[in-house]
> 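Next up is a structure, given as structure tokens.
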Amino acid sequence: VQLQASGGGLVQAGGSLRLSCAASGLTFSRYDMGWFRQAPGKEREAVAATTWTWSWSGLNTYYADPVKGRFTISRDSAKNTVYLQMNIVKPEDTAVYYCAAVLVRPSTARSWADQHRYDYWGQGTQVTVSS
């Protein structure tokens with residue numbers, strides 16, 4: 001299994017950036033996908049996730065409070081890729097961003113922000129926001 005994150009870089013405050021995470025070696029449609037980030041000197045934290053409904057009929061999206069209204073997570077099943085559109089970025093968004101995948105297991109609690117649940121992780125992509 002590989003999760004290849006890309007799209008990071010240097011951006012000015014107020015600008016936009018789109019991160020991508022291409023998944024291979026897994027059945028993409030059976031996995032919930034999440035984005036996490038780790039800033040220097042801080043613990044890794046959840047940013048956003050897209051999860052299947054239990055009926056597999058649709059997707060839920062979740063966001064951490066600091067990014068609500070600014071970031072959007074989406075996924076393209078045809079490309080096995082999950083995206084994180086980052087708008088109105090702030091210096092405090094500076095971090096290494098990681099994508100992660102967790103197999104949907106029936107009758108299992110699915111806390112989207114619990115990073116310990118995730119089965120696979122990408123290598124991370126650096127996002128730096130200048131003020």
Side-chain angles (χ1 to χ4, degrees):
V1 175
Q2 268 198 321
L3 300 179
Q4 185 68 42
S6 61
L10 176 64
V11 59
Q12 285 192 328
S16 297
L17 208 59
R18 189 176 81 156
L19 306 183
S20 300
C21 175
S24 60
L26 52 75
T27 304
F28 189 66
S29 61
R30 307 301 294 184
Y31 283 77
D32 293 340
M33 301 297 296
W35 284 97
F36 295 77
R37 67 186 181 185
Q38 187 167 20
K42 295 187 177 181
E43 293 187 353
R44 189 162 58 188
E45 62 179 6
V47 175
T50 171
T51 68
W52 289 102
T53 60
W54 283 118
S55 64
W56 298 98
S57 61
L59 289 163
N60 296 314
T61 55
Y62 301 93
Y63 299 94
D65 286 343
V67 307
K68 279 181 181 177
R70 300 188 297 120
F71 291 9
T72 302
I73 188 170
S74 62
R75 61 193 288 164
D76 184 336
S77 295
K79 297 182 178 179
N80 282 11
T81 300
V82 61
Y83 302 98
L84 185 69
Q85 178 66 44
M86 306 169 61
N87 296 330
I88 318 175
V89 295
K90 303 176 181 180
E92 51 264 43
D93 295 323
T94 295
V96 177
Y97 283 72
Y98 299 90
C99 60
V102 54
L103 181 67
V104 177
R105 297 174 174 88
S107 303
T108 301
R110 297 161 67 190
S111 173
W112 73 272
D114 182 0
Q115 56 185 294
H116 300 292
R117 292 184 53 245
Y118 285 77
D119 300 308
Y120 303 106
W121 292 83
Q123 85 287 2
T125 184
Q126 175 71 47
V127 172
T128 303
V129 182
S130 62
S131 56

> Using modelled atom types and a 3.5 Å cut-off, is there a donor and acceptor pairing between side-chain atoms of Thr125 and backbone atoms of Gly8?
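Present.
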> Dump the intermediate steps for side chain to side chain contact (heavy atoms under 4.5 Å, CB included) on Thr94 and Gln126, then the final yes or no.
CA-CA 8 Å; Thr94 295; Gln126 175 71 47; 4.1 Å; yes
> Can you tell me how the ring of Tyr120 sits relative to the ring of Tyr31, calling it parallel under 30°, perpendicular over 60° and tilted otherwise?
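Aromatic pair Tyr120/Tyr31 classed tilted.
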> Can you name the nearest heavy-atom pair linking Ala48 to Leu84, along with the distance?
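Closest pair (atom of Ala48, atom of Leu84, distance): CB-CD1, 4.2 Å.
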> Can Asp114 and Arg117 be counted as an ion pair, charged N to O under 4.0 angstrom?
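Arg117 and Asp114: not salt-bridged.
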> Examine distances only and state if a side-chain atom of Gln12 and a backbone atom of Val129 form a donor-acceptor pair shorter than 3.5 Å.
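Side chain of Gln12 to backbone of Val129, a donor-acceptor pair under 3.5 Å: no, none is there.
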> Side chains of Arg37 and Tyr97 only: does a donor on one sit below 3.5 Å from an acceptor on the other?
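Checked: Arg37/Tyr97 side chains pair up, N/O donor to acceptor below 3.5 Å.
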> Judged by atom type as modelled, is there a donor-acceptor pair below 3.5 Å linking the side chain of Trp52 to the main-chain atoms of Ser29?
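At least one qualifying donor-acceptor pair exists.
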> Could you tell me which non-hydrogen atom of Ala23 sits nearest to which non-hydrogen atom of Leu3, and how far apart they are?
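Where Ala23 meets Leu3 most closely, the heavy atoms are CB-CD2, 3.5 Å.
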> Does atom CD (Gln2) have a neighbourhood of more than 12 heavy atoms from anything else shown, all under 6.0 Å?
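Check fails, neighbour count at 12 or below.
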> For Leu10 and Ser130, which heavy atoms make the closest approach, and how far apart are they?
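Minimum heavy-atom contact is CD1-CB, 4.3 Å.
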> May I have the step-by-step check of side-chain hydrogen bond (donor to acceptor under 3.5 Å, both in side chains) for Thr81 and Asp76, ending in yes or no?
CA-CA 5 Å; Thr81 300; Asp76 184 336; over 6 Å; no
> Any chance you could lay out the salt bridge (Lys or Arg N to Asp or Glu O under 4.0 Å) test for Lys90 and Asp93, step after step, and finish with the verdict?
CA-CA 5 Å; Lys90 303 176 181 180; Asp93 295 323; over 6 Å; no
> Salt bridge between Asp119 and Arg105, side-chain N to carboxylate O under 4.0 Å?
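Yes, Asp119 and Arg105 are salt-bridged.
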> Nearest heavy-atom pair of Ala101 and Leu26: which atoms, and what distance?
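Of all heavy-atom pairs spanning Ala101 and Leu26, the closest is CB-CD2, 4.3 Å.
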> Kindly give the heavy-atom pair with the smallest separation between Trp112 and Ala46, and that separation in Å.
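Minimum heavy-atom contact is CZ3-CB, 3.7 Å.
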> Within 45° of the ring axis of Phe28 and under 6.0 Å from its six-membered ring centre, is that where the NZ or CZ of Arg75 lies?
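Here Arg75 passes the 6.0 Å and 45° test against Phe28.
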> Hey, could you give me the CE/OG1 distance between Met33 and Thr50, rounded to the nearest 0.5 Å?
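It comes to 9.0 Å.
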> For Tyr118 and Ala100, work out which heavy atoms get closest and say how close.
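Shortest heavy-atom contact: CD2-CB, 3.4 Å.
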> Give the intermediate values and the outcome of side chain to side chain contact (heavy atoms under 4.5 Å, CB included) for residues Ile73 and Tyr63.
CA-CA 8 Å; Ile73 188 170; Tyr63 299 94; 3.5 Å; yes
> For the backbone of Gln4 and the side chain of Gln123, can you confirm whether one donor and one acceptor N or O come within less than 3.5 Å of each other?
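No.
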> Report the C-alpha distance between Thr53 and Leu59 in whole Å, list the side-chain angles of each, state the deciding distance to 0.1 Å, and finish with yes or no for side chain to side chain contact (heavy atoms under 4.5 Å, CB included).
CA-CA 6 Å; Thr53 60; Leu59 289 163; over 6 Å; no
> What class does the angle between the rings of Phe36 and Trp121 fall in, given that below 30° is parallel, 30 to 60° is tilted and above 60° is perpendicular?
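Rings of Phe36 and Trp121: tilted, 30 to 60°.
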> With hydrophobic residues grouped by side-chain heavy-atom distances under 4.5 Å, do Phe71 and Tyr98 end up in a single group?
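As far as the 4.5 Å side-chain criterion goes, Tyr98 and Phe71 are not connected within one cluster.
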